[in-house]
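Residue indices begin at 1 and follow the sequence shown.
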Amino acid sequence: MLDLYDLLGKIKKRSSLYLGKQSLSHLHVFLDGYTFGRRQLGIPLTEEEKKFEDFQEWIEIRFNQADTQSWSRIILFYSEDEADALKRFFDLFEEFVSCEKLPQDDATINYEMPDELSVVAGNI
């Protein structure tokens, strides 16, 4: 059986095959199903799956966001569309794996809201 990181590598190469289309939301649902299936079968978490549980907090810190949104919603917010968000996920995931620790507060990257979104958000 593939481990989680190998599976994500296969999805990156052929995302439409696994997800139906290039979509970060589809990936998130796929991973939720993967996790649910393993839990239903009583399969214990692997080391990679345990490390991936830190990805949510890592994304929150990386984007300087409160813990009110899922990692996929945060990435999607800063992306052009679902396909761009999926590409960004894999870039961020590779960064996460390479450091395998939470970013420090002084290393947090603050992303600015695009002008067209800030106008809309300012009217709320």
Check: Phe89 ring centroid to Phe55 ring centroid under 6.0 Å: yes

For the residue pair Tyr5 and Phe52, is the inter-centroid distance of their aromatic rings smaller than 6.0 Å? no

Stepwise side-chain contact (heavy atoms from CB on, under 4.5 Å) test for Asp54 and Phe96: CA-CA 9 Å; Asp54 292 335; Phe96 168 76; 4.2 Å; yes

Partner residues of Asp32 under the salt bridge (charged side-chain N to carboxylate O under 4.0 Å, His left out) criterion, sequence neighbours left out: none

Salt bridge (charged side-chain N to carboxylate O under 4.0 Å, His left out) with Lys50: which residues, sequence neighbours excluded? Glu47

Which class fits the ring pair Phe63 and Tyr78: parallel under 30°, tilted 30 to 60°, perpendicular over 60°? parallel

Give, for atom [atom1] of [X] and atom [atom2] of [Y], the distance between the pair rounded to the nearest 0.5 Å.
X: Gln65; Y: Ser70; atom1: CD; atom2: OG; result: 11.5 Å
X: Ile75; Y: Leu92; atom1: CD1; atom2: CG; result: 5.0 Å
X: Ile59; Y: Arg73; atom1: CD1; atom2: CZ; result: 15.0 Å
X: Thr35; Y: Leu4; atom1: OG1; atom2: CG; result: 7.5 Å

Applying side chain to side chain donor-acceptor pair (under 3.5 Å), name anything that partners [X], two or more places apart in sequence or on another chain.
X: Glu48; result: none
X: Asp81; result: none
X: Glu80; result: none

Under a 4.5 Å side-chain heavy-atom rule over Ile, Leu, Val, Met, Phe, Trp and Tyr, are [X] and [Y] clustered together?
X: Trp58; Y: Leu76; value: no
X: Leu31; Y: Phe93; value: yes
X: Phe36; Y: Leu8; value: no

Nearest atoms (heavy-atom pairs only) where Ser79 meets Ala85: OG-CA, 3.3 Å

Is there side-chain contact between Phe77 and Gln69, with at least one heavy-atom pair below 4.5 Å? no

When you check the gap from the basic side-chain N to the acidic O, do Asp84 and Arg88 get nearer than 4.0 Å? yes

Can you confirm whether the side chains of Gln56 and Glu60 place a donor and an acceptor under 3.5 Å from each other? yes

Test of understanding: with side-chain contact (heavy atoms from CB on, under 4.5 Å), list the residues that count as partners of [X], not counting sequence neighbours.
X: Asp91; result: Lys87
X: Glu53; result: Arg39, Leu45
X: Leu7; result: Leu2, Ile11, Tyr18, Phe30, Tyr34

For residues 22-29, run the donor-acceptor check on the side chains, cut-off 3.5 Å, and write out each pair with its distance to 0.1 Å, sequence neighbours left out.
residue: Ser23; atom: OG; partner: Ser25; partner atom: N; Å: 3.3
residue: Ser23; atom: OG; partner: His26; partner atom: N; Å: 3.1
residue: Ser23; atom: OG; partner: Glu82; partner atom: OE1; Å: 3.0
residue: Ser25; atom: OG; partner: Glu82; partner atom: OE1; Å: 3.3
residue: Ser25; atom: OG; partner: Glu82; partner atom: OE2; Å: 2.7
residue: His26; atom: ND1; partner: Leu19; partner atom: O; Å: 2.8
residue: His28; atom: ND1; partner: Ser72; partner atom: OG; Å: 2.5

Listed once per pair and sorted, the salt bridge (Lys or Arg N to Asp or Glu O under 4.0 Å) pairs that draw on residues 12-29, sequence neighbours left out: Lys12-Glu94

